[in-house]
Protein chains: 2
Amino acid sequence: MTRKAARPGLSAEHIVEAALAQLAERGLERFSLRDVARALGVYPTAVYWYFRSRNELLAAACAHALRPVVPPPRPGDWQRWLRELFTRYRQAMRRHPHLAQLVGAQMLSNASLDFALVEGILQALAQAGCPDEAIVELYNTVVVALCGFATLELAPLPAEDPEGWAEDLQQRVRDIPAADYPALARHLPRLADRSFILRWTPGDRRPMARSFAAYVEVVIAGLAQRIAQARG
Amino acid sequence: MTRKAARPGLSAEHIVEAALAQLAERGLERFSLRDVARALGVYPTAVYWYFRSRNELLAAACAHALRPVVPPPRPGDWQRWLRELFTRYRQAMRRHPHLAQLVGAQMLSNASLDFALVEGILQALAQAGCPDEAIVELYNTVVVALCGFATLELAPLPAEDPEGWAEDLQQRVRDIPAADYPALARHLPRLADRSFILRWTPGDRRPMARSFAAYVEVVIAGLAQRIAQARG
DNA sequence: ACCTGAACACCGTTCAAGT
DNA sequence: ACCTGAACACCGTTCAAGT
């Protein structure tokens with residue numbers, strides 16, 4: 001009844017899912033291929049049948065996470081399309097917070113969906129009236145803007161002794177000398193734990209939705225103005 | 001003549017310099033505390049007298065790299081001050097390209113210079129006329145904008161088999177089906193190796209200065225408009 | 001105070017061997 | 001084709017010991 005050779009118990013997709021689970025559980029810094037294999041009940045080296053390296057596995061995980069980011073076309077409304085793209089990217093990263101640093105910082109070069117993303121951005125810029133001479137710089141601007149917010153929002157806080165670190169930071173924030181930093185002292189109640197550098201709760205537990213919305217509008221308004229200017 | 005106990009041959013500053021040298025030579029992914037110790041001619045464990053962990057050493061390296069980023073005050077010209085801040089940040093990261101991902105993605109919470117940075121940004125926003133209710137979101141927007149560009153520009157390309165990877169990407173770019181990606185196909189000559197996702201030369205060897213300049217102007221113009229709008 | 005030295009519990013990856 | 005199994009060359013970190 002049993003076959004001569006068992007059908008493979010593994011698959012690339014299966015491994016990627018296990019990797020995403022490990023990532024969610026232990027974070028990027030403590031992510032290990034051996035743990036993924038353990039979770040799957042196979043030898044570490046079995047993974048190498050499907051992926052050439054640990055990095056390739058992580059790249060595949062990034063590609064998986066990024067699948068739903070490119071929005072459907074919105075003919076005639078480039079601002080809405082961009083807004084949607086930015087929002088989807090952030091949501092995709094919120095589902096896999098530990099991937100944000102990877103995608104933002106180094107993985108933007110692998111997946112095959114990437115060409116669709118490029119095409120979408122170029123079409124949005126064209127619709128906005130961007131002249132050909134400005135297409136490279138504004139395309140690059142959009143890509144940076146796309147990754148920037150979620151990368152910082154979801155950045156991991158120090159992994160070792162997080163409570164101790166949080167207390168230290170709060171103490172230092174309380175002790176800020178108002179004479180040296182008047183604006184900071186004045187706005188501290190608004191900023192504390194709600195803003196970069198002055199926060200101790202990670203972004204996945206304390207979303208920065210309002211700031212994200214403002215950020216998106218700043219970028220879009222800036223693009224519109226820069227395009228108008230480039231057209232002369 | 002020789003003292004009873006030799007004065008320490010090491011120092012935190014000395015170790016940080018060795019770490020920066022190692023980083024420049026081998027990159028972040030292959031950075032190891034043991035190599036730093038080897039370069040200094042001491043046992044790996046000697047480093048632990050000065051730093052509690054590898055991560056703390058890297059944080060110190062980031063703080064070192066970030067020292068010169070906060071510009072002197074520019075009373076009455078917040079746009080100039082911001083432009084200078086962005087430029088200095090990028091230049092600091094260009095001096096230590098392998099730190100860009102760290103600083104951008106996770107280390108924005110340690111150094112003591114940080115409070116000066118926060119104060120400067122808040123004062124710039126105040127000068128721009130930002131109302132108090134919008135200060136948090138626009139402060140966060142500025143911080144993201146600050147780190148975003150250099151983080152992506154200097155992102156490392158795949159460490160394993162970089163030439164093979166570069167050739168693959170170039171091949172895939174050449175094979176882009178113009179029917180599926182018309183805008184991409186049309187602008188490809190401009191974009192190839194000069195834009196994110198479509199480049200195979202790393203940003204430290206091929207700077208993206210024009211795109212950076214455009215990016216900065218987009219952000220500043222967007223801030224100005226958003227502030228004007230927030231004032232009603 | 002500052003560093004040596006040994007040891008622990010891990011890694012990613014290679015290669016040969018099994019089925 | 002797909003996985004086991006052993007082995008290699010590393011890691012970061014802890015702890016005790018030296019001076």
Side-chain angles (χ1 to χ4, degrees), chain A residues 1-19 22-23 25-61 98 102 106-107 156 158-162 164-165, chain B residues 1-19 22-23 25-61 98 102 106-107 156 158-162 164-165:
Chain A
M1 273 306 180
T2 55
R3 315 222 177 194
K4 191 155 149 227
R7 293 292 95 206
L10 283 178
S11 72
E13 184 71 15
H14 201 166
I15 295 172
V16 165
E17 276 161 22
Q22 283 294 314
L23 235 20
E25 198 172 321
R26 323 223 330 133
L28 184 60
E29 194 152 348
R30 309 197 305 173
F31 174 85
S32 99
L33 200 147
R34 290 178 109 108
D35 282 338
V36 174
R38 252 187 291 272
L40 291 165
V42 298
Y43 272 69
T45 45
V47 175
Y48 283 82
W49 183 258
Y50 298 90
F51 299 97
R52 270 197 297 235
S53 67
R54 183 194 119 116
N55 278 345
E56 275 211 0
L57 171 54
L58 284 172
H98 300 285
L102 269 189
Q106 48 188 289
M107 293 271 158
E160 47 212 13
D161 187 24
W165 170 84
Chain B
M1 273 306 178
T2 56
R3 316 225 176 190
K4 192 154 147 229
R7 293 293 95 205
L10 283 178
S11 73
E13 184 71 15
H14 201 166
I15 295 173
V16 165
E17 277 161 21
Q22 283 293 315
L23 234 19
E25 199 173 321
R26 323 225 327 134
L28 183 60
E29 194 152 348
R30 308 197 305 173
F31 174 85
S32 100
L33 200 147
R34 290 180 109 107
D35 283 337
V36 174
R38 252 188 291 272
L40 291 165
V42 298
Y43 273 67
T45 45
V47 175
Y48 283 82
W49 183 258
Y50 298 90
F51 299 96
R52 271 197 296 236
S53 67
R54 184 193 119 116
N55 278 344
E56 275 211 359
L57 171 55
L58 285 172
H98 300 285
L102 269 189
Q106 49 187 289
M107 293 271 159
E160 47 211 13
D161 187 24
W165 170 84

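Protein chains get the first letters and strands the later ones, always in sequence-line order, with residue 1 at the start of each. As the structure is a prediction and not an experimental result, all values here were calculated from the model.
- Looking at heavy-atom distances under 4.0 Å, B/Thr45 makes contact with a base.
- Following rounding to the nearest Å, B/Glu29 (CD) and D/dC11 (C1') show an atom-to-atom distance of 14 Å.
- Rounded to the nearest 0.5 Å, atoms CZ (B/Arg38) and OH (B/Tyr43) are 12.0 Å apart.
- Using a 4.5 Å heavy-atom cutoff, the side chains of A/Tyr50 and A/Leu10 are in contact.
- The listed nucleotides are C/dC3, C/dT4, C/dT13; the one nearest the side chain of B/Trp49 is C/dC3.
- For the pair A/Leu33 CG and C/dT13 P, the computed distance is 7 Å after rounding to whole Å.
- Rounded to an integer number of Å, the gap from CZ of A/Arg30 to C1' of C/dA9 is 14 Å.
- The closest side-chain heavy-atom distance from B/Asn55 to A/Glu29 is below 4.5 Å.
- Taking side-chain N and O atoms only, B/Tyr48 has a distance below 4.0 Å to OP1 or OP2 of D/dT13.
- A/Gln22 CD to A/Asp35 CG: the interatomic distance, rounded to the nearest 0.5 Å, is 5.0 Å.
- When base pairs are accepted only as Watson-Crick or G-U wobble with both N-N or N-O distances under 3.5 Å, DNA chain D takes part in stems of 3 or more pairs at C:4-8 with D:12-16, C:12-16 with D:4-8.
- Distance, B/Ile15 CD1 to C/dC2 P: 11 Å, rounded to whole Å.
- Checking C/dC3, D/dT13, C/dC11 against every side-chain atom of A/Glu160, the shortest atom distance belongs to D/dT13.
- Residues A/Asp35 and A/Arg52 each lie close to DNA chain C; by heavy-atom proximity, the contact nearer the 5' end of the strand is made by A/Asp35.
- The nearest heavy atom of DNA chain D to A/Arg34 and to A/Val42 marks one nucleotide each, and the one closer to the 5' end goes with A/Val42.
- Of the candidate nucleotides D/dT13, D/dG5, C/dG5, D/dG5 has the atom nearest to the side chain of A/Tyr43.
- For the pair A/Arg54 CZ and D/dC11 P, the computed distance is 15 Å after rounding to whole Å.
- Separating the CG atom of B/Leu40 from the P atom of C/dT4 is a distance of 11 Å, rounded to the nearest angstrom.
- Whole-Å rounding puts the B/Phe31 CZ to D/dG12 C1' distance at 12 Å.
- At D/dC3, one or more side-chain N or O atoms of A/Tyr50 fall inside 4.0 Å of OP1 or OP2 (strictly under the cut-off).
- From B/Arg34, atom CZ reaches atom OG1 of B/Thr45 across 8.5 Å, with rounding to the nearest 0.5 Å.
- For A/Leu10, counting side-chain heavy atoms from C-beta on, the closest listed nucleotide (C/dC11, C/dT13, D/dC3) is D/dC3.
- Between atom NE2 of residue A/His98 and atom CD of residue A/Glu25 there is a gap of 10.0 Å, rounded to the nearest 0.5 Å.
- The listed nucleotides are C/dC11, D/dC11, D/dA6; the one nearest the side chain of B/Arg38 is D/dC11.
- Under the 4.5 Å side-chain criterion, counting only non-hydrogen atoms from C-beta, B/Val36 is in contact with B/Phe31.
- Rounding to whole angstrom units, CG of residue A/Leu28 and P of C/dC11 are separated by 14 Å.
- Rounded to the nearest 0.5 angstrom, B/Leu57 CG and B/Leu33 CG are separated by 6.0 Å.
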